[in-house]
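One structure is given below, encoded as structure tokens.
Each chain gets a letter, A, B and so on, in the order the sequences are listed, and its residues count up from 1. None of the values given here were measured: they were computed from a predicted structure.
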Amino acid sequence: MEDKGLFGKILAIVPGLAVMIGTLYVLRVYVEPWMKDAVVFGRKGWLVQVLSLNYILLSILTGMFYRNILFGGKIPAWAEEGFRTTRLFIKTGVIMLGSLYTFDKLLKVGGIAITLIVAFVFGTAIFILWLGKRLDADRSVTATMAAACGVCGVSAAVATAPGVRAKPVDLALSIATILGFGIMTMFVSPFVGKMLALSDYQFGAWVGTGILNSGQVLATCLAFNPNFAPGTAVAYGEIWNVVRVICIPFVVFFITAWYWKGEADAEHVSLGSILASKFPIFVLGFVGMTALSSLHILGAEGSETLHLMRDVMAWVFGVGLVGLGAYIDVREIRAAGGKPLRIGLIAGATKYVLALIIILAFIPKEGAF
Amino acid sequence: MSDKKKSLTVFRSDRHEDVAAIIASALIVVVVLTYMAFIVPSVGIKAPQDGKLVEIFVAEGAEVKKGDPLYSLEVVKKKWVNNVMEEKVAVESFTAKANGKVLKVSGKPGDAVKKGKQAIVVMEHEKGTLP
């Protein structure tokens, strides 16, 4: 790619970004209100209430439609740069979610979140390393899948791949498998949550533990309860999500160390260097936002200022989720097969179900805030 | 990954993207706070949830201080208690979040209000405060 200069780079982002923002505008302003009033099976708002089809899930579905049907499987060159701002929007939204908490609220649930996440993240990684050995899978594939299923679908897999000498195809299959699993759970979880009468606290804790992608955790929580406010599913789910994201460098270190232990030409890996290069520093922005909220700098709870802030947050996430949908390539998921798929599905499903059982057994319905 | 086409970010690295996200969120906060504190001339205070207006404590033209009650609403409060969803009808008062002057009062006791729909009280707030 030729060097376009800063202005050229910004210009290249515009077309794809305009598609993402325009799509969200149409979904929020026209489609969702229409769906809230539409009568299906004799019930007004059936599409939203029963299918949980709010603008969040619609954003992802529309993104998927663009990529897989309209664009024929590949984001066209004119839109590519714009769609690559997807993670910027999701990370910005996650940072802004810090405004839903104060430090005392975080402390109330932080201990439970840390215990559950650490147990599940390392439990899943160890389970996959064992399962990979049993299924006689390639060690690079097993290591990449352990990172993908253990802590975070995309970020951890990408971070681990070079250290364990994974081939690009292994990495792509790991990501496709875990994103495919995430899409299924995104649509199934709100039904299960409502069927089991889970509270926002339980649902957030379950989804934050069982789903492995920041965008998908948010989308699933908002499908269950579309409100951005303290005490809602998204407020609880995000605490779990942030703890999970913080675990990424530790898991990358653990898996990389496991990989090199079994190789003849062992390389030395240090936790310090992995922390320095892989720590997701946007989490510091989340903490900063919580600090502003704790100091009441962002306006009082219930104020129109906070209301506007949360509305902007919803738009930021919405744009990111259109992009997230456009990164889901159905052909790649279909192509995922063999041992990576088996390992991913067994581990993903086990984690998802086990997390639900533990939440039902140990997490009360009353939220901590 | 040297193949830039495969990269998921427009930035040089994930680190750069993280920093950009922090800057973007800080900018959003600054813009929203500045807009609300200095630019917006008045704000319509809407019901935070569905309910029935019980009382309006202020009249048009009245000066209010932060924390003064503006109106009260009869709402259905839902809360999980001992793993059971408890629903009870309660009357809640809503207060001014900043000093200011009441420009308009819409509605009267007994009116049904919908969450986030119509403004019950329109207020002009002191510049530099967050309504």
Side-chain angles (χ1 to χ4, degrees), chain A residues 1 9 12-13 80-82 84-96 98-99 154-155 158-159 161-162 168 171-172 197 199-201 229 277-286 288-289 292 297-309 312-313 316 327 364-367, chain B residues 1-29 31-37 40 42-49 66-67 78-86 92 94-98 115-116 119 123 125 129-131:
Chain A
M1 200 183 276
K9 281 178 186 167
I13 289 171
E80 204 179 9
E81 291 296 293
R84 279 168 57 198
T85 58
T86 292
R87 288 198 321 188
L88 174 68
F89 279 92
I90 292 182
K91 284 178 180 175
T92 304
V94 169
I95 292 170
M96 291 185 70
S99 68
V154 181
S155 311
V158 171
L171 178 62
S199 68
D200 281 78
Y201 182 35
S277 62
K278 312 282 184 205
F279 186 81
I281 56 171
F282 76 96
V283 167
L284 300 178
F286 176 90
M289 199 62 87
L292 293 180
I297 288 172
L298 303 175
E301 192 54 50
S303 66
E304 293 301 312
T305 309
L306 268 188
H307 188 256
L308 176 64
M309 190 87 77
V312 174
M313 199 193 303
V316 169
Y327 272 103
K365 286 189 189 287
E366 298 95 298
Chain B
M1 297 256 272
S2 60
D3 187 357
K4 199 158 186 293
K5 288 236 181 265
K6 294 259 179 216
S7 169
L8 292 166
T9 175
V10 280
F11 296 92
R12 210 176 301 156
S13 68
D14 279 4
R15 270 287 152 84
H16 287 83
E17 187 177 66
D18 283 10
V19 173
I22 292 174
I23 294 170
S25 48
L27 273 177
I28 291 172
V29 168
V31 168
V32 169
L33 295 188
T34 308
Y35 174 73
M36 291 305 282
V40 69
S42 62
V43 289
I45 296 160
K46 302 176 189 98
Q49 63 184 106
K66 183 181 174 183
K78 293 180 179 178
K79 199 179 171 192
W80 289 100
V81 178
N82 298 325
N83 285 346
V84 177
M85 174 65 89
E86 218 173 56
E92 281 202 357
F94 295 90
T95 57
K97 307 299 177 199
K115 177 188 171 185
M123 256 186 72
H125 60 285
T129 60
L130 296 172

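Most heavy-atom pairs under 4.5 Å with chain B, from the set A/Phe282, A/Phe279, A/Tyr201: that is A/Phe282. Put simply, of B/Ala26, B/Ala21, B/Pro48, the one with the most heavy-atom pairs under 4.5 Å next to chain A is B/Ala21. When each of B/Val43, B/Val19, B/Asp14, B/Val40 is checked for heavy-atom pairs under 4.5 Å with chain A, B/Asp14 comes out on top.
B/Lys97 is not listed as a side-chain neighbour of B/Leu130, based on a closest heavy-atom distance of 4.5 Å or more. Here the side chains of A/Met313 and A/Ser99 are in contact, with some heavy-atom distance below 4.5 Å. Here the side chains of A/Thr305 and A/Leu298 are not in contact, with every heavy-atom distance at 4.5 Å or above. Counting heavy atoms from C-beta outward, B/Tyr35 and A/Leu308 have side chains that approach closer than 4.5 Å. Residues B/Thr129 and B/Lys66 fail the side-chain proximity criterion, which asks for heavy atoms closer than 4.5 Å. Looking at B/His16 and B/Thr9, their side chains never come closer than 4.5 Å, going by heavy atoms from C-beta outward.
Contact of A/Phe89 with chain B is not made at all, since no heavy-atom distance falls under 4.5 Å. For A/Met289, the part lying under 4.5 angstrom from a heavy atom of chain B is the side chain only. The contact between B/Pro131 and chain A is made by backbone and side chain atoms together, counting heavy-atom distances below 4.5 Å. Within the 4.5 angstrom heavy-atom criterion, only side-chain atoms of B/Lys115, from C-beta onward, approach chain A. Within the 4.5 angstrom heavy-atom criterion, no atom of A/Val94 approaches chain B. With a 4.5 angstrom heavy-atom cutoff, A/Ile13 touches chain B only via side-chain atoms.
The backbone N or O of B/Ala20 lies less than 3.5 Å from no partner atom in the side chain of A/Lys91, so there is not a single donor-acceptor pair.
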